[in-house]
Amino acid sequence: MAETIKIEFDIKPQQQERPRIGVKKVLSKAGYYKNKKYLYDPLKTVNYKKKLAYLANLEKSVNYFEPLSGALALNVTFYILPPKSLSKVKHAMAIIGELLPFKKPDLSNYIKSTEDALNGILWKDDAMLCDINAKKRFSDEERIVIEVCSYADKMDRFYASSTV
């Protein structure tokens, strides 16, 4: 049975924002300047990816593990703060899971930025992720809980629990 990696990161989830377009002047072979366009990630996204990668590498150095490879299954939960505009009753409902965060930012954008940040640390390449189970929930503490394992291990656990 292959390894399963489960880590809780105490970090505010950050969505993958749209890339920005920059322009820089480049000297052409003909000897004149022309504008060259390039894409870059916004600063908030870059800082989030760097911090998450740092925390994952820290965890990797404490609990030594290699990046997983092969077909992988990812289970990730993003915990975000409930809006301050909620009443005390609705706030309590949000914390226990009766009220779900159905507004922006999108869950898929959270997943993309997290996949990119952990590329080469928890898994060799995010193209190896064949199964993703993701949730966005309210909590009083912002954090991300990630569990990644080989897809075969996930299927073994599924069949073992369903044949009881």
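Worth knowing before you read on, the calculation uses all heavy atoms, side chains too, and leaves out hydrogens, waters and symmetry mates.
- A search for side-chain hydrogen bond (donor to acceptor under 3.5 Å, both in side chains) contacts involving Ser108 returns nothing, not counting sequence neighbours.
- The other residues sharing a hydrophobic cluster with Tyr33 are Leu27, where clustering joins ILVMFWY side chains under 4.5 Å apart.
- One hydrophobic cluster holds both Ile11 and Val76 under the rule that ILVMFWY side chains link at heavy-atom gaps under 4.5 Å.
- A search for side-chain hydrogen bond (donor to acceptor under 3.5 Å, both in side chains) contacts involving Arg143 returns Glu8, Ser139, not counting sequence neighbours.
- Hydrophobic clustering (ILVMFWY, side-chain heavy atoms < 4.5 Å, transitive): Ile7 and Leu55 are in one cluster.
- The list of salt bridge (Lys or Arg N to Asp or Glu O under 4.0 Å) pairs with a residue in residues 39-56, not counting sequence neighbours, reads Asp41-Lys49, Lys49-Asp116.
- Applying the ring pair (Phe, Tyr, Trp, His ring centres under 6.0 Å) criterion to Tyr48, with sequence neighbours excluded, gives no partner residue.
- Rounding to the nearest 0.5 Å gives a distance of 6.5 Å between OG1 of Thr114 and CG of Leu118.
- Applying the salt bridge (Lys or Arg N to Asp or Glu O under 4.0 Å) test to every pair with at least one member in residues 97-108, sequence neighbours left out, gives no pairs at all.
- From Met128, atom CE reaches atom CG of Asn119 across 9.5 Å, with rounding to the nearest 0.5 Å.
- When all heavy atoms are compared, the tightest approach of Tyr40 to Gly22 is CE2-N, 3.8 Å.
- The CD atom of Gln14 sits 11.5 Å away from the CG atom of Leu52 when rounded to the nearest 0.5 Å.
- Remark: Ile144 CD1 to Lys136 NZ distance equals 13.0 Å, nearest 0.5 Å.
- Note on Tyr54: it clusters hydrophobically with Phe9, by side-chain heavy-atom contacts below 4.5 Å among ILVMFWY residues.
- Clustering of Ile, Leu, Val, Met, Phe, Trp and Tyr by side-chain heavy atoms under 4.5 Å joins Ile21 with Leu39.
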Report all side-chain donor-acceptor pairs from residues 56-75 shorter than 3.5 Å, counting only partners two or more places apart or in another chain.
from, atom 1, to, atom 2, distance (Å)
Asn57, ND2, Ala53, O, 3.2
Glu59, OE2, Asn63, ND2, 2.6
Ser61, OG, Leu58, O, 2.7
Tyr64, OH, Glu66, OE2, 2.2
Asn75, OD1, Asn133, ND2, 3.3

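- Within the structure, salt bridge (Lys or Arg N to Asp or Glu O under 4.0 Å) contacts touching residues 9-37 (residues at least two apart or in different chains) do not occur.
- Neither Val145 nor Leu122 shares a network with the other; the hydrophobic side chains, linked directly or stepwise wherever heavy atoms of I, L, V, M, F, W or Y lie under 4.5 Å apart, form separate groups for each.
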Side-chain polar contacts of residues 77-90 - donor-acceptor pairs under 3.5 angstrom, sequence neighbours left out - could you list them?
from, atom 1, to, atom 2, distance (Å)
Ser87, OG, Lys90, N, 3.2

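- In this structure Ala30 satisfies the side-chain contact (heavy atoms from CB on, under 4.5 Å) test together with Ser28, Tyr32, sequence neighbours excluded.
- Alongside Phe102, the hydrophobic cluster contains no other residue (criterion: ILVMFWY side chains under 4.5 Å).
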